[in-house]
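Since the model is a prediction, treat every value here as computed from it, not as a measurement. As a basis for the values below, the full set of heavy atoms in this structure was taken, side chains included, without hydrogen atoms, waters or symmetry mates. Sequence lines set the chain letters: A, B, ... in the order given, protein chains first and strands last, and positions in each chain run from 1.
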Amino acid sequence: MGNLIKELHKMAGSNRLSQSFFCRDVLTVAPDLLGKYIVIKNGNAINRFMITEVEAYRGEEDLACHASRGRTERTRVLYSQGGAIYVYLIYGMYWMFNIVTGEQDNPQAVLLRGIESVSGPGRVSKKLNINKSYYGEDITQSARIWIEDSDVRRKIFTGPRIGIDYAGPYWSKMPWRYWIENE
DNA sequence: AGCAAGATCGGT
DNA sequence: CCGATCTTGCTG
């Protein structure tokens with residue numbers, strides 16, 4: 001697509017990532033989100049932050065994934081198709097913000113761990129004002145939150161996921177954390 | 001009904 | 001390293 005057309009699309013607000021982006025495997029979607037923008041409306045303000053760090057959680061077999069213990073009230077949304085938002089409270093204090101990926105009944109999600117100048121999933125959600133009300137919302141349709149495409153291309157680093165030792169050595173060593181430098 | 005654990009963070 | 005803080009899911 002030519003640059004002019006791209007700019008026109010941006011102005012028309014059609015730069016939002018759609019369902020086809022999120023319906024792919026989480027190991028494809030997670031690194032692909034780096035450099036893109038999360039856009040959120042809080043009242044009159046629209047804030048836009050580049051995504052700099054994510055983690056992939058992949059299916060019932062992944063012992064670090066909440067779906068490893070099957071469908072429960074909390075994990076219900078993980079089984080919907082890509083684009084649904086999965087939020088939950090951890091340690092009674094911090095909201096974890098995830099985007100479901102893949103096809104229906106294939107529970108996967110990307111955890112948002114870092115945005116420009118903010119690292120740590122709890123701090124990210126605090127900055128974005130995320131709370132339980134986002135549970136189940138469709139990020140490809142919502143009027144208050146969406147992901148915007150971008151042309152940013154940076155070197156992608158990978159490493160093990162954080163804080164999941166309970167999943168055992170095999171799953172906790174999977175290099176499913178992806179990040180770019182904050183600059 | 002009770003309890004243990006948790007995809008974290010900030011302060012010692 | 002430790003405590004905060006509360007929802008969830010499992011057990012009995």
Side-chain angles (χ1 to χ4, degrees), chain A residues 21-38 40 42 47 49-103 105-139 145 147 156-182:
Chain A
F21 179 90
F22 299 100
C23 284
R24 300 172 297 159
D25 189 275
V26 70
L27 298 182
T28 306
V29 176
D32 210 7
L33 278 169
L34 298 173
K36 297 193 167 45
Y37 294 89
I38 179 154
I40 188 151
N42 279 304
N47 294 304
F49 303 93
M50 186 186 294
I51 296 171
T52 56
E53 184 180 359
V54 296
E55 274 176 4
Y57 289 85
R58 190 169 185 262
E60 291 184 342
E61 60 167 16
D62 175 7
L63 295 184
C65 182
H66 288 164
S68 65
R69 288 186 292 261
R71 283 179 208 254
T72 64
E73 191 176 344
R74 180 175 65 154
T75 64
R76 173 177 53 82
V77 77
L78 284 172
Y79 291 80
S80 44
Q81 74 176 315
I85 291 172
Y86 172 49
V87 287
Y88 64 93
L89 189 66
I90 190 72
Y91 300 114
M93 279 176 266
Y94 305 105
W95 293 102
M96 300 288 101
F97 180 85
N98 300 253
I99 305 172
V100 173
T101 66
E103 297 299 329
D105 298 322
N106 184 357
Q108 309 183 329
V110 178
L111 169 67
L112 188 54
R113 286 195 66 89
I115 55 180
E116 46 186 329
S117 74
V118 182
S119 37
R123 295 183 195 132
V124 165
S125 291
K126 189 170 182 191
K127 180 87 178 177
L128 299 176
N129 268 309
I130 294 297
N131 56 58
K132 180 93 188 207
S133 75
Y134 284 87
Y135 184 92
E137 197 150 316
D138 183 352
I139 205 165
I145 189 167
I147 303 290
I156 295 176
F157 299 86
T158 64
R161 297 171 291 179
I162 304 288
I164 54 153
D165 288 350
Y166 62 84
Y170 181 79
W171 293 102
S172 58
K173 280 179 195 150
M174 284 293 183
W176 289 354
R177 182 165 63 99
Y178 305 86
W179 70 95
I180 55 180
E181 275 177 5
N182 226 320

Closest approach of His66(A) to Thr75(A) (non-hydrogen atoms, all atoms of both residues)
O-CG2, 3.6 Å
Could you pull out the closest heavy-atom pair between Val77(A) and Tyr135(A), with the gap in Å?
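Looking at all heavy atoms of both residues, the closest pair is N-OH, 3.2 Å.
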Distance from Phe21(A) atom CZ to Asp32(A) atom CG, nearest 0.5 Å?
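Phe21(A) CZ to Asp32(A) CG: 4.0 Å, rounded to 0.5 Å.
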Nearest-0.5 Å distance, OG1 of residue Thr158(A) to CG of residue Leu27(A)
11.0 Å
List in numerical order all residues of [range] for which some heavy atom is under 4.0 Å away from an atom belonging to DNA chain B.
| range | value |
| --- | --- |
| residues 29-37 of chain A | none |
| residues 63-74 of chain A | Ala64(A), His66(A) |
| residues 89-101 of chain A | Ile90(A), Tyr91(A), Gly92(A), Tyr94(A), Met96(A), Asn98(A) |

With a 4.5 Å cut-off on side-chain heavy atoms, are [Y] and [X] touching?
| X | Y | answer |
| --- | --- | --- |
| Leu33(A) | Leu112(A) | no |
| Ile130(A) | Ile85(A) | no |
| Ile164(A) | Trp171(A) | no |
| Phe49(A) | Val118(A) | no |
| Arg123(A) | Ile115(A) | no |
| Ile51(A) | Ile147(A) | yes |

Is the NZ atom of Lys126(A) crowded by more than 12 outside heavy atoms at less than 6.0 Å?
no
Donor-acceptor pair, side chain of [X] and main chain of [Y], under 3.5 angstrom:
| X | Y | answer |
| --- | --- | --- |
| Glu55(A) | Ile162(A) | yes |
| Glu116(A) | Met50(A) | yes |
| Ser172(A) | Ala167(A) | no |

Residues at least two apart in sequence or cross-chain that pass side chain to side chain donor-acceptor pair (under 3.5 Å) with Asn106(A), listed by chain then number, are none
Exercise answer: donor-acceptor pairs, residues 173-181 of chain A side-chain atoms, under 3.5 Å, sequence neighbours excluded:
unit_1: Arg177(A); atom_1: NE; unit_2: Pro160(A); atom_2: O; d: 3.1
unit_1: Arg177(A); atom_1: NH1; unit_2: Glu53(A); atom_2: OE2; d: 2.9

Pair listing, salt bridge (Lys or Arg N to Asp or Glu O under 4.0 Å) test, anchored in residues 75-93 of chain A, at least two apart:
none
Mind pulling the stems DNA chain C is in, i.e. runs of at least three Watson-Crick or G-U pairs, everything under 3.5 Å?
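Stem list for DNA chain C: B:1-6 with C:6-11, B:8-11 with C:1-4.
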Using a strict heavy-atom distance below 4.0 Å, which residues from residues 159-175 of chain A are in contact with DNA chain C?
none
Applying salt bridge (Lys or Arg N to Asp or Glu O under 4.0 Å) to Arg161(A) and not counting sequence neighbours gives Asp62(A)
For DNA chain B, note the earliest and the latest nucleotide, 5' to 3', having some atom under 4.0 Å of a heavy atom belonging to chain A.
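On DNA chain B, the outermost contacted nucleotides are dG6(B) to dG10(B).
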DNA chain C: 5'-most and 3'-most nucleotides touching chain A, 4.0 angstrom heavy-atom criterion
dA4(C) to dG9(C)
Is a donor from one side chain sitting under 3.5 angstrom from an acceptor on the other, for Glu60(A) and Tyr79(A)?
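A pair is found: one side chain offers a donor N or O, the other an acceptor, under 3.5 Å apart.
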Describe the nucleic acid contact of Lys132(A) in one word from base, sugar-phosphate, nothing, applying a heavy-atom distance below 4.0 Å.
sugar-phosphate
Could you give the side-chain donor-acceptor pairs of residues 87-102 of chain A under 3.5 Å, partners two or more places apart or in another chain?
unit_1: Asn98(A); atom_1: ND2; unit_2: Tyr86(A); atom_2: O; d: 3.2
unit_1: Thr101(A); atom_1: OG1; unit_2: Gln108(A); atom_2: OE1; d: 2.9

